[in-house]
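The basis for the numbers below is simple: all heavy atoms, side chains too, and nothing from hydrogens, waters or symmetry mates.
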Amino acid sequence: MDNELFLAVRKILNKHDPDGVMYDDENPDEYDSEVKDILAILVTTDSVEQLSEKLRLIFVKAFNEKIAGDRSRYEPIAREILSLPELKA
């Protein structure tokens, strides 16, 4: 696993905090399980629409449907992930 990409995706998730679990900077690894799942799907995902839906499903699995919310919540996250320079390396 590319550590730079892992850390970049982790930073994005922590910044957006899609499930509202980042109360402070004491737990930067809060979304690490989801980051691993995201890295696994990036190889087969090339659009914001696809990635945002896959992100939502990852968070439904990790939390639940109500907490995860709808796909639109994940579009800014997907857009930011797909624009990472680490993906182009």
Distance col, row R73:CZ vs I67:CD1, nearest 0.5 angstrom, shows 9.0 Å
First locate atom CD of E30, then atom CG of N14, and finally report the distance between them rounded to the nearest 0.5 Å. 8.5 Å
Has D19 got a side-chain atom pairing as donor or acceptor with V21's backbone, closer than 3.5 angstrom? no
Between Y74 (side chain only) and G69 (backbone N and O only), is there a donor and an acceptor less than 3.5 Å apart? no
Does a side-chain heavy-atom distance below 4.5 Å link [X] with [Y]?
X	Y	answer
L39	L42	yes
H16	I12	yes
L51	I77	no

Output all residues satisfying salt bridge (Lys or Arg N to Asp or Glu O under 4.0 Å) with [X], sequence neighbours left out; order by chain, then residue number.
X	answer
R71	E75
D32	R10
K15	E80

If you draw a 6.0 Å radius around CD in Q50, do more than 12 non-hydrogen atoms from other residues or ligands fall strictly inside? yes
Please tell me whether L55 and L57 are part of a single hydrophobic cluster in this structure, the criterion being side-chain heavy atoms less than 4.5 Å apart. no
Shared ILVMFWY cluster between L84 and L7, side chains joined below 4.5 angstrom? yes
Not counting sequence neighbours, which residues clear side-chain hydrogen bond (donor to acceptor under 3.5 Å, both in side chains) with S47? List them please. none
With N27 via side-chain hydrogen bond (donor to acceptor under 3.5 Å, both in side chains) - residues at least two apart: none
Keeping to residues at least two apart or across chains, list the salt bridge (Lys or Arg N to Asp or Glu O under 4.0 Å) pairs with something in residues 41-54. E53-R56
By side chain to side chain contact (heavy atoms under 4.5 Å, CB included), which residues pair with E34, not counting sequence neighbours? L13, Y31, I58, F59, A62, F63
List the atom of I81, the atom of L87, and the distance in Å for their closest heavy-atom pair. O-CD1, 3.1 Å
Taking all atoms of both residues into account, what is the closest heavy-atom pair of S52 and A78, and its distance? N-CB, 3.7 Å
